2 protein chains.
Amino acid sequence: MALNLMETLKGYLKEKGLKQTRQREVIASTFFKTDKHIGIEELLEKVKNIEPSIGYVTVYRTLLLLKECGLAHQRNFGDGQSLFENAGEHHDHMICIKCGKIVEFEDDRIEALQEEVAKNYHFKIVSHRHEIYGACSFCQTE
Amino acid sequence: MALNLMETLKGYLKEKGLKQTRQREVIASTFFKTDKHIGIEELLEKVKNIEPSIGYVTVYRTLLLLKECGLAHQRNFGDGQSLFENAGEHHDHMICIKCGKIVEFEDDRIEALQEEVAKNYHFKIVSHRHEIYGACSFCQTE
DNA sequence: TCTTCCTTGAAAGTTACTTTCAATATAGTT
DNA sequence: AACTATATTGAAAGTAACTTTCAAGGAAGA
């Protein structure tokens with residue numbers, strides 16, 4: 001699995017004319033081993049155990065790169081720092097009450113908060129349903 | 001309505017031995033007139049139209065005060081700045097798939113993100129439904 | 001091997017708060 | 001109304017967490 005992720009990253013690098021480097025290899029593989037949110041500093045610490053010369057900025061830029069190619073999501077909780085996590089996938093729905101059109105949406109931040117809420121209630125999530133009802137852009141104007 | 005909010009604020013001030021000032025009056029009443037999120041700088045601009053001598057810090061501190069007494073909520077979107085909004089009320093549900101127990105929850109941050117998502121799709125929200133299904137703390141252990 | 005363009009790490013810069021501090025303004029008391 | 005203790009204000013300095021700059025070094029195709 002971590003292999004697939006690394007392959008995806010390498011494909012993206014090649015496609016964009018970017019280069020594979022030892023630093024990116026180390027940072028990405030370390031990140032992929034983490035199965036929950038991780039901050040830049042925290043990831044930097046882990047990475048330094050493998051390659052002490054790697055600096056904050058490179059970790060930072062590599063995470064942006066992973067985000068760019070869809071392998072990571074960036075989260076903002078209220079504590080002032082960004083956390084990154086392995087990308088998953090999910091969809092919820094927005095339904096137009098006039099024309100019935102259904103639009104899929106997904107928002108990782110909502111998913112994360114939902115998990116946080118459930119955790120506060122010691123509730124173990126199996127599934128969820130999140131639907132927004134209203135008027136789509138077209139139906140608002142007629 | 002804005003009166004009730006002002007009264008609530010004044011009650012809180014008295015209760016805590018804090019003082020009523022012209023600045024707090026202006027900032028709070030301006031804030032209460034806003035029915036959507038507002039940033040510190042944005043509120044500062046409005047407030048300066050009424051009382052030009054009021055500074056950023058006072059707006060900042062007054063918003064923290066409003067947050068403290070439950071009259072405002074602070075939001076953190078990914079764009080690096082905090083937005084504040086008039087406190088409202090809302091509930092969603094968490095449903096246990098084993099015992100059927102229903103727990104109400106509310107999370108302003110989820111509500112705000114939902115609005116943001118809808119806005120991105122030019123969708124006008126009328127209502128929504130957000131349900132989390134899973135195992136409650138009791139049912140997880142048996 | 002050559003050459004071009006990408007990367008890196010350190011340092012400087014930015015953004016958006018957050019705290020400090022001396023001057024000023026409340027509000028209870030006289 | 002005047003007095004006094006304590007809270008509040010605004011400007012400026014301080015922080016935290018990025019974000020950008022820049023010169024040196026490193027990939028990768030020719």
Side-chain angles (χ1 to χ4, degrees), chain A residues 6 9-31 37-69 72-84, chain B residues 6 9-31 37-69 72-84:
Chain A
M6 281 309 294
L9 173 58
K10 286 177 183 173
Y12 181 81
L13 291 176
K14 179 148 273 179
E15 180 191 319
K16 294 281 180 174
L18 302 176
K19 289 166 184 171
Q20 286 182 44
T21 63
R22 168 124 186 88
Q23 288 93 329
R24 283 181 177 158
E25 174 97 30
V26 171
I27 296 167
S29 66
T30 303
F31 176 72
H37 327 299
I38 190 166
I40 298 174
E41 289 288 358
E42 198 184 342
L43 181 53
L44 176 61
E45 283 318 304
K46 293 196 186 205
V47 154
K48 269 186 181 301
N49 290 333
I50 303 170
E51 193 78 43
S53 65
I54 292 178
Y56 176 96
V57 191
T58 302
V59 172
Y60 163 70
R61 282 188 284 223
T62 302
L63 283 171
L64 292 191
L65 179 69
L66 291 175
K67 185 180 158 191
E68 237 178 71
C69 63
H73 287 312
Q74 185 173 12
R75 303 268 150 86
N76 261 93
F77 298 93
D79 58 4
Q81 78 161 331
S82 281
L83 297 181
F84 290 79
Chain B
M6 281 311 291
L9 174 58
K10 286 177 182 173
Y12 182 81
L13 291 175
K14 179 148 274 181
E15 180 192 319
K16 294 280 182 175
L18 303 176
K19 290 165 182 170
Q20 286 182 44
T21 64
R22 166 126 187 86
Q23 289 92 330
R24 283 181 177 158
E25 174 96 29
V26 172
I27 295 167
S29 65
T30 304
F31 176 73
H37 328 299
I38 191 164
I40 299 174
E41 290 287 0
E42 199 184 341
L43 181 54
L44 175 63
E45 283 318 304
K46 295 195 185 204
V47 154
K48 270 185 180 301
N49 290 332
I50 303 169
E51 192 79 43
S53 65
I54 293 179
Y56 176 96
V57 191
T58 302
V59 172
Y60 163 69
R61 283 186 284 221
T62 302
L63 283 171
L64 292 191
L65 179 68
L66 292 175
K67 185 181 156 190
E68 238 178 70
C69 62
H73 287 311
Q74 185 173 14
R75 302 269 150 88
N76 260 95
F77 298 95
D79 59 6
Q81 78 161 331
S82 281
L83 297 181
F84 290 79

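Here the structure is a predicted model, which is why all the values come from computation and not from measurement. Letters A, B, ... are given to chains in the order of the sequence lines, protein chains preceding strands, and every chain is numbered from 1.
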Rounding to an integer number of Å, can you tell me how far [X] [atom1] sits from [N] [atom2]?
X: B/K10; N: C/dA27; atom1: NZ; atom2: P; result: 10 Å
X: B/L13; N: D/dT6; atom1: CG; atom2: C1'; result: 15 Å
X: A/L18; N: D/dA28; atom1: CG; atom2: P; result: 11 Å
X: B/E25; N: D/dT8; atom1: CD; atom2: C1'; result: 15 Å
X: B/K48; N: D/dT9; atom1: NZ; atom2: C1'; result: 12 Å
X: B/E68; N: D/dA7; atom1: CD; atom2: P; result: 14 Å
X: B/R22; N: C/dA27; atom1: CZ; atom2: P; result: 14 Å
X: A/L83; N: D/dA16; atom1: CG; atom2: P; result: 18 Å

Exercise for the section: Search all heavy atoms of A/F84 against all heavy atoms of A/L63 and return the closest pair with its distance. Expected result: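 Nearest heavy atoms, A/F84 then A/L63: CD1-CD1, 3.7 Å.
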Exercise for the section: Provide the closest heavy-atom pair for B/Q81 versus B/G39 in the form atom of the first, atom of the second, distance. Expected result: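 Smallest heavy-atom distance, with atoms named: OE1-CA, 4.4 Å.
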Handout entry: Check: A/R61 side chain, C/dG9 base, donor-acceptor under 3.5 Å
Key =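 Per atom types, the contact qualifies.
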[X], nearest nucleotide to its side chain (from [options]):
X: A/K19; options: C/dG9, D/dA27, D/dT6; value: D/dA27
X: A/S53; options: C/dG9, C/dC6, D/dG10; value: C/dG9
X: B/V57; options: D/dC18, C/dT19, D/dT20; value: C/dT19

Handout entry: Worked verdict on A/L65 versus A/L9 for side-chain contact (heavy atoms from CB on, under 4.5 Å)
Key = CA-CA 9 Å; A/L65 179 69; A/L9 173 58; 4.2 Å; yes
Practice task
Would you mind classifying the nucleic acid contact of B/Q20 as base, sugar-phosphate or nothing, using non-hydrogen atoms under 4.0 angstrom?
Solution key: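 Result for B/Q20 = sugar-phosphate.
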Strictly below 4.0 Å: does [X] bring a side-chain N or O up to OP1 or OP2 of [N]?
X: B/R24; N: D/dT8; value: yes
X: A/T21; N: C/dT8; value: yes
X: B/S82; N: C/dC17; value: yes
X: A/Q81; N: D/dC18; value: yes

Exercise for the section: Only one of A/I54, A/L18, A/T58 passes side chain to side chain contact (heavy atoms under 4.5 Å, CB included) with A/R24; say which it is. Expected result: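 Exactly one option meets the side chain to side chain contact (heavy atoms under 4.5 Å, CB included) with A/R24, and it is A/L18.
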Handout entry: Contact nearer the 5' end of DNA chain C, comparing B/Y60 with B/Q23
Key =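 By nearest-heavy-atom nucleotide position, the 5'-most residue is B/Y60.
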Exercise for the section: Give, for atom CD1 of A/I27 and atom CZ of A/R22, the distance between the pair rounded to the nearest 0.5 Å. Expected result: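 Interatomic distance, A/I27 CD1 to A/R22 CZ, rounded to 0.5 Å: 10.5 Å.
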